[in-house]
Amino acid sequence: MHISKKKCTFALKLNHFNKIMEKIDELDRKILKIITKSARIPFKDVAEQCGVSRAAVHQRVQKMFDNGVITGSSYHVQPKMLGYQLCVYIGITMEKASMYNQVISALNEIPEVVEAQYTLGAFGILIKVYARDNEHLLHILNTKIQTIPGVADTTTLTALAQPIYRQLPIEI
């Protein structure tokens, strides 16, 4: 039986993920629940709420960073405050699925593209894009996205509002 390199790599990543999930205990979940509500909360306050030392919280958080459980801590800036009035989702149909890496690499060079998902269904890739106005969006589409080798077609959906924006809840 022949197992492809991709399947083997995926299996290794899944095994690594499962091992990490086994190591996330109730204290880790408590810490995550607190810090996902406010990334600016001092570890001293987290420690008090969890009934452990500040050093324990620091070590746990560092371990979760190292294992990829936590992938960042950042401030969220409202794009409209920077002059970006439009938020759109663009579904990309590729010429061939094998061109995925090339297309993603090119999309990564476009600063207005803030998110990309590899999807099943109508599109191969779904991206989130911010534009200052319709003219700017047209420029991004015509001169940046649709000129990428491997992009066969695009479908644009305009977001009117974002009534829900949150992290997944942390169950303890």
Side-chain angles (χ1 to χ4, degrees), residues 3-21 24 28 32-33 35-40 61-171:
I3 299 175
S4 72
K5 187 175 181 180
K6 271 187 179 179
K7 285 183 183 176
C8 188
T9 301
F10 177 76
L12 288 172
K13 285 181 181 178
L14 186 59
N15 188 32
H16 177 71
F17 172 77
N18 287 335
K19 285 181 180 177
I20 291 170
M21 291 308 296
I24 296 176
D28 289 332
L32 286 170
K33 189 170 189 167
I35 66 175
T36 56
K37 288 181 184 172
S38 174
R40 297 180 69 181
V61 169
Q62 187 59 52
K63 183 181 82 173
M64 288 188 276
F65 266 110
D66 294 345
N67 288 327
V69 175
I70 301 172
T71 57
S73 58
S74 61
Y75 296 101
H76 298 281
V77 177
Q78 292 295 329
K80 286 186 178 186
M81 299 305 221
L82 300 176
Y84 289 87
Q85 300 302 312
L86 292 175
C87 174
V88 298
Y89 292 87
I90 301 173
I92 298 174
T93 304
M94 293 180 290
E95 291 172 14
K96 293 185 269 184
S98 63
M99 300 182 88
Y100 169 77
N101 287 332
Q102 294 165 272
V103 173
I104 287 295
S105 181
L107 289 169
N108 196 41
E109 297 300 316
I110 303 170
E112 295 89 352
V113 175
V114 297
E115 191 174 320
Q117 304 288 333
Y118 192 26
T119 62
L120 297 174
F123 311 111
I125 301 172
L126 185 66
I127 61 173
K128 183 176 183 179
V129 175
Y130 284 104
R132 289 186 296 277
D133 51 34
N134 287 336
E135 191 175 300
H136 185 215
L137 175 60
L138 192 60
H139 174 75
I140 294 167
L141 279 167
N142 290 342
T143 66
K144 295 181 179 184
I145 296 170
Q146 293 172 341
T147 60
I148 296 171
V151 172
D153 191 30
T154 60
T155 300
T156 304
L157 304 165
T158 303
L160 299 176
Q162 186 180 28
I164 298 172
Y165 177 78
R166 62 180 169 222
Q167 295 281 324
L168 281 173
I170 308 297
E171 306 276 333

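Fair warning: this is a prediction, and the values are worked out from it, not measured in the lab.
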Would you give me the side-chain donor-acceptor pairs under 3.5 Å for residues 83-109, sequence neighbours excluded?
none

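- Here the CG-CZ distance, from L137 to R132, works out to 11.0 Å after rounding to the nearest 0.5 Å.
- Other residues, nucleotides and ligands place more than 12 heavy atoms under 6.0 Å from the CD atom of E115.
- To the nearest 0.5 Å, the span separating OG1 on T156 from CD1 on I145 amounts to 7.5 Å.
- Sparse packing is recorded around CD of Q78, with 12 or fewer heavy atoms of other residues, nucleotides or ligands lying under 6.0 Å away.
- Listed for the N67 side chain is no donor-acceptor partner under 3.5 Å among the backbone atoms of V69.
- Note that the CD1 atom of I70 and the CG atom of D28 stand 8.5 Å from one another [nearest 0.5 Å].
- Applying the salt bridge (Lys or Arg N to Asp or Glu O under 4.0 Å) rule to K144 yields the partners E112; only residues at least two apart in sequence or on another chain are considered.
- Within the 4.5 Å cutoff, the side chain of T36 has no heavy atoms near those of the L168 side chain.
- When every heavy atom of V151 is checked against every heavy atom of T154, the shortest pair comes out as CG1-CG2, 4.0 Å.
- Atom-to-atom distance recorded for Q167:CD and L32:CG is 10.0 Å, nearest 0.5 angstrom.
- For the atom pair CG of D133 and NE2 of H139, the computed distance is 11.5 Å after rounding to the nearest 0.5 Å.
- Distance check, rounded to the nearest 0.5 Å: CG of L126 to OG1 of T155 gives 10.0 Å.
- Contact annotation: the side chain of I110 approaches that of I148 to within less than 4.5 Å [non-hydrogen atoms, C-beta and beyond].
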